[in-house]
Amino acid sequence: MSRRISRIIVFSLIFGGIACCVHSGAALAQSPDAAVRPPQNVRAIDTRGDEGGSITVMWDLSPDDYDGTAEAVTVIGYEIMRAESPGGPFASVGFASAGATRFADASTHDGTDYYYQVTASTSSGGPVSPVIGPVRSSPQWFNVNRANVFIIGIILSMSIIFYIASARRGKKLFIRRIAGLEAVQEAIGRATEMGRPILYIPGIQDMDDVQTVAGVTILGYVARTIAEYDTKIEVPTSRSIVMSTARETIKAAYIAAGRPDAYSDDAVHYVTDEQFGYVAAVDGIMVRDKPATCFYMGAFFAESLIMAETGNSIGAIQIAGTAMPAQLPFFVAACDYTLIGEELFAASAYLSNEPKQLGSLKGQDVGKSIAMLAIATGVILFTLHQVTRVQWFMDAGNWFKDLFLLN
Amino acid sequence: MWMDSPNWVTFGTWVAALLTLGIMSFLYKDNKVYKFCEAVFIGISAGYWFVSYFWQTLLPRLGDPLVAGAKSFFSGSPIWGSLVLFIPLGLGVMMLLRLIPKTGWLSRWPLAFVVGYTAGLRLITFLQSNAMTQLQNSVQPVVRYDAAGGFLAWESFNILLVTVGTFAGLFYFFFSKEHKGAFGRVARLGTWFLMITFGAAFGYTVMGRMSLLIGRLDFLLADWLKVIG
Amino acid sequence: MRRQVPLVITFIVGAVLIIAAFIPHHPFGRLGENFSLYFDIIAVFAFLLGGGNLVRIHGGKFMRGIRSSIQEAKKGGGFWPLKFLVEFPFFAFGGLEDKRGRDWFFSLITLLGFFAMLYAGLFKVGNPDGWQGNVTNPEALFQEFYQSMFNPLQATMYALLAFFVASASYRAFRAKSPEATILLATAFVILLGRTPAGTYATDWLPQSLSFFHIPNLANWIMAVPNLAGQRAIMIGISLGVIAMSLRVILGVERTYLGADEK
Amino acid sequence: MAEPRPSFLTRMMRIDRRVIFVFIGVALIFPLFFSISQRIQVSPEVAMLTAAFEKVPDGALVLYSLDYDPPSAPELQPMAVTAFKLGLKKKFRMVIIGLWPQGPQQADQALQSALRDEQFKDLKLTYGLDYVNLGFQSGNEAVIQKMGSDIPTTFPRDYAGTPVAELPIMKGIKNLGNFDFMVNISAGYPGTREWVQFGVDRFGLKMISGSTAVQTTEVSPYVGRQLLGLMGGMRGAAEFEQLSGFPGRAMKFMVGQSVAHVIVILFIIIGNVAYFATRGRKE
């Protein structure tokens, strides 16, 4: 819908522009190369959905636009000229290559009147379009280009918030068992029996990666069990903020388990920010301390397999979880249990066993249902068009598909 | 400069080669040489990153603007833009208050900021680039005809397979439904698709990993031992 | 109070950032950028904690180690510094055994490396442009360290993957269950498809069966079933992230904030 | 305990992994001593990529973002070298940046080795006019976002410290919209995914990507609308070298890689044969 409005705006601007600029047709005569024609139908509008300071200039290609084959003199690009009065002086504000039909002049001052013309550049100068204007740039309070993101975001968020709220009110929810998380208890128990430590790796990214946040929250629940079992946990981190957060988390877990005295900051230590330096150290810890259980929860890159293979060689039980699609195969291959993508983010809610947290899992399911429904709708519309050749299905399908378009 | 002398270059190559071999010795078993390389690695890499943060983030992003702001203030025409930098400066200092037991609780403020920032930012980026883009790419007809109107059975089948596979995979991720009966069978199909994805990624990766080692071997043989051209 | 303020901060920062994504107007338009800068700055301060932790751990190990080694050397009388020097490998490296407390020399190495790098980098030692020089100038000592030590260590550690990927595939790819068989079969076809062997092995197939030419089959797997799995994973992740973020912003998930010390 | 000596197959079931290590090592070292070439079948993504390159007009303004560090260089450096060779051949005006600290350095090395090619022996390349290396900026995807609005403030100085205002090539470059084409060579985060999310999706960059083999599956869904082509790993690099007519290092390394592949395949077969042969006995 917003698209249509913008079209109307564009058209009115075009006609306005042409109407106010007919007098400058003389500019055409300046053309040094009679064979080349200027860009057509030049128009300029305030760039939509921006913070101001930008005007978008648009045009239709010169009929002599370079098409990649022609040998003759062709337009190799468009020079965008700007002035603060219709009579000039015009100065270049940018260059767009052949085939381009728009240029965002991001050097405007809001509220100033600007006039534009576009030169079709050839190797030797080029013809100039009529002057258009005035145009002003201004900032907007809502980015209409992203209205669809806003709406879809609201729908998905609301479905999650709804179930958090309804679970908080005491509605019982069923959550299936997740094998990797059921195994956490057993894995900690095993380490306790063997009298060996537990190694917990919260990924190698900083706290600005949401997977690290997931990893640290899972650590909170794992540490609670560890505190109850009175087992030793070791958390080497590759980022300082993660170190601080992990300490807070584990400390809280020990307090919650009623054993604040058993907590020591030494459980969490910083190694190095360097990915492979960190891995070198973790491998060292593994072969020397021989942990009975290794957890890998967070964002991982290539080091995933180095750690998982070393962990495997010392016979540790390994539970991994990551949302890095490229690393999942290695964890699946080398670990006993792997939380795949979404399961990583669900894990802390699952382990917490708090109704409102579990409610958000139900909300996620509803989100998936909506996603599937959306795919199905679009697929059906387009398929109907293919089968029946009724144009309406195509239009409806395209409209629907554009809902997910990022501008 | 002295560092450009051939001897120094050779020395650097030898150091690099010995460290390379030291790390590789871990493949046989843990040993003192590996431990030595590990210690070197941890030390210099931690130092390296701190130096990088210092020169490339702290000074240009915080130090310089603050100094410029202070200069403008004392020169009589203050520019207030840099004032906002007192927020991260304050949060950064709060972070350090952990070192003092009494004020340690204040360090949760920057942590709260960091986590809030991550949650807000990632919610939007993942919504856009994972959810919306994938949905958009998934919307396509499962029946295809060519320009002349002939039915494209193979293309149609492939698109149908992608659509079915995506659905089945999503079924697997359902948390609030027991994987039983018909639902369970679809979810199982979903795991098969996931397994294909993992198998494919794994198989595809082997090549890249080999090339890394080739790079190291190339260094040892060509740059260090000079036995190959 | 102590617990409420952080929750409020998280809520405000997260919520404002989400809303700001749709407001181009100043000051919201660049909020994401600015916050990311704040994060970077906080991270540098936090590094003082991390680096401090590193120095404390290894410094402590070193001090304890050298003290106990000297005590050991003093045992049984005699001129202990000489004994210390002679048995240095045993005291400092633990000899052939791996005894705790006998590996303090490695901690010393870590500390030396750390401070050498700080010294070379923070003071721009050997930088041809002096104080004004770029820290990444390849002529400076800092970059020399990087080139001759950091770089090979990093690259070799990474290269170990070539071996691990082989051992993992040997162990993991066994047809133990339907799922494992699918994993194995896919990996096998893709692996074959990446080698000339795969091309030759199926070249004899007639054109009508060109789909079963291994490279074609591999491309098909990548383009079709793999894509389906990837999409399911990516859509799932996005919902997981949205839910996780909301739980954090709304304060439903708060383990990371630690507990009250009453 | 007088256990019977385990059969050959049982022993094969649990080979010491170090045996596999030895095989892999030998397989990779051996071919380096010879120069053998092999036939490569070109994948559609690389064909698309080369075609996309060809379609860019000569003299176009092209952004090169090299987002990797030395460990990924064996795979990615040959790609960068070939991409620069094509850029030289087509007389692109090249703007180089890096989202990884070591990216710009890799770029310099790659450009130097591209210039050593016979074809460009007589080429005079002027820094600041034909190409510029703007260096590294910290901030990951935020750098891309900033470049979307204003490049000169994102990169006020080039790699060597010269203010960008003094560089003729930077005249008229305001933001990402000014580039006709973009080459991204990436080893992970930040890299192709971020460029797609923040550059292509928001500013309409026309982009191709060279990725490590691992990253390839992750970014391959973008091929089509968001990526004009993709080359993955050393094989992708070799295909690119072959298609663009600049045979180089990647094609040589491919041999060792292929042999190692065959070894991995053989071990998988051995493992399965042993598994099936011994399974009945154990139960």
Side-chain angles (χ1 to χ4, degrees), chain B residues 12 15-16 19-20 23 35 39-44 46-48 50-51 53 55 57-58 62 88 91-92 95 105 108 110 112-113 115-117 119-120 122-124 126 130-131 134 158 161-162 165-166 169-170 173 192-197 199-200 202-204 206-207 209-210 212-213 216, chain C residues 2 6 9-10 13-14 17-18 21 35 37-38 40-42 44-47 54 93 106 109-110 113-114 117-118 121 135 148-150 152-153 156-159 161-163 165 179 182-183 186-187 190-191 194 221 224-232 234-236 238 241-242 245 248-249:
Chain B
V15 170
L19 291 174
T20 302
I23 291 285
K35 224 172 159 179
V40 173
F41 199 1
I42 295 171
I44 62 169
Y48 174 86
F50 181 65
V51 170
Y53 292 145
W55 289 113
T57 304
L58 196 65
L62 183 71
L91 289 171
M95 201 70 203
W105 58 277
R108 285 185 199 157
F113 171 86
V115 174
Y117 158 73
R122 301 299 162 184
L123 189 149
I124 294 289
F126 276 86
N130 271 33
Q134 290 308 322
N158 281 343
L161 196 62
V162 172
T166 309
L170 284 172
F173 286 117
W192 292 357
F193 272 95
L194 294 181
M195 286 303 149
I196 293 179
T197 304
F202 196 117
Y204 206 92
V206 172
M207 189 181 76
R209 300 318 188 209
M210 295 304 162
L212 295 168
L213 187 53
R216 287 327 288 162
Chain C
R2 281 186 184 184
I9 293 178
T10 304
V13 171
L17 208 49
I18 291 171
F35 278 8
L37 169 65
Y38 297 176
D40 288 346
I41 291 172
I42 294 172
V44 183
F45 278 92
F47 187 88
L54 185 84
F93 300 104
F106 298 105
I109 301 273
T110 301
F114 182 64
M117 221 54 187
L118 288 188
V135 69
S148 59
M149 293 197 282
F150 187 117
L153 285 166
T156 312
M157 204 63 214
Y158 199 175
L161 271 172
F163 298 104
V165 88
E179 279 79 11
I182 292 173
L183 186 75
T186 324
I190 300 285
L191 269 171
R194 314 293 302 174
I221 290 175
V224 180
N226 168 55
L227 183 65
Q230 289 278 354
R231 277 202 181 139
M234 280 164 103
I235 295 174
S238 66
V241 171
I242 293 171
S245 299
V248 165
I249 291 170

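Per chain, numbering begins at 1; letters A, B, ... match sequence-line order. All values below were derived from every heavy atom in this structure, side-chain atoms included, with hydrogens, water molecules and symmetry-related copies excluded.
- Atom-to-atom distance recorded for C:Ile41:CD1 and B:Leu58:CG is 7.0 Å, nearest 0.5 angstrom.
- Using a 4.5 Å cut-off between heavy atoms, B:Arg122 contacts chain C through both its backbone and its side chain.
- Of all the listed residues (C:Pro225, C:Ala21, C:Ala46, C:Gly236), the one sharing the greatest number of non-hydrogen pairs under 4.5 Å with chain B is C:Pro225.
- Note on B:Tyr53, B:Tyr117, B:Trp192: by heavy-atom pairs under 4.5 Å with chain C, the leading option is B:Tyr117.
- Contacts between C:Leu54 and chain B at a heavy-atom distance below 4.5 Å involve the side chain alone, from C-beta outward.
- Between C:Phe114 and C:Leu118 there is a side-chain heavy-atom pair separated by less than 4.5 Å.
- Most heavy-atom pairs under 4.5 Å with chain C, from the set B:Ile42, B:Leu170, B:Leu194, B:Leu91: that is B:Leu170.
- Taking the six-membered ring wherever Trp is involved, the centroid distance between the rings of C:Phe35 and C:Tyr38 falls below 6.0 Å.
- Ranked by non-hydrogen atom pairs under 4.5 Å with chain C, the options B:Trp55, B:Phe193, B:Phe173, B:Phe126 are led by B:Trp55.
- Contact annotation for C:Val224: both backbone and side-chain heavy atoms come within less than 4.5 Å of a heavy atom of chain B.
- Taking chain B as the reference chain and counting heavy-atom pairs below 4.5 Å, the highest number among C:Ala159, C:Ala228, C:Gly113 is found for C:Ala228.
- In this structure, C:Val241 and B:Asn130 have side chains that are not in contact, with every pair of non-hydrogen atoms separated by 4.5 Å or more.
- Inter-residue side-chain proximity for C:Thr156 and B:Phe41 is flagged as unmet; no heavy-atom pair is nearer than 4.5 Å.
- Contact of C:Phe47 with chain B is made through the side chain alone, with heavy-atom distances under 4.5 Å.
- For chain B, the option among C:Asp40, C:Leu191, C:Ile9 with the highest count of heavy-atom pairs below 4.5 Å is C:Ile9.
- Looking at C:Asn226, its side chain never comes within 3.5 Å of a backbone N or O of C:Ile221 through a donor-acceptor pair.
- The closest side-chain heavy-atom distance from C:Thr186 to B:Phe202 is not below 4.5 Å.
- Counting heavy atoms from C-beta on, the side chains of C:Ile18 and C:Ile249 come closer than 4.5 Å.
- Your options are B:Gly120, B:Gly165, B:Pro110, B:Gly12, and the one with the most heavy-atom pairs under 4.5 Å with chain C is B:Gly120.
- Judged by distance alone, the side chain of C:Thr10 and the main-chain N or O of B:Ala112 form a donor-acceptor pair under 3.5 Å.
- The part of C:Leu37 that comes within reach of chain B is its side chain, from C-beta onward, which places non-hydrogen atoms under 4.5 angstrom from that chain.
- Comparing B:Val51, B:Thr20, B:Val15, B:Thr57 by heavy-atom pairs within less than 4.5 Å of chain C, the highest count is held by B:Val51.
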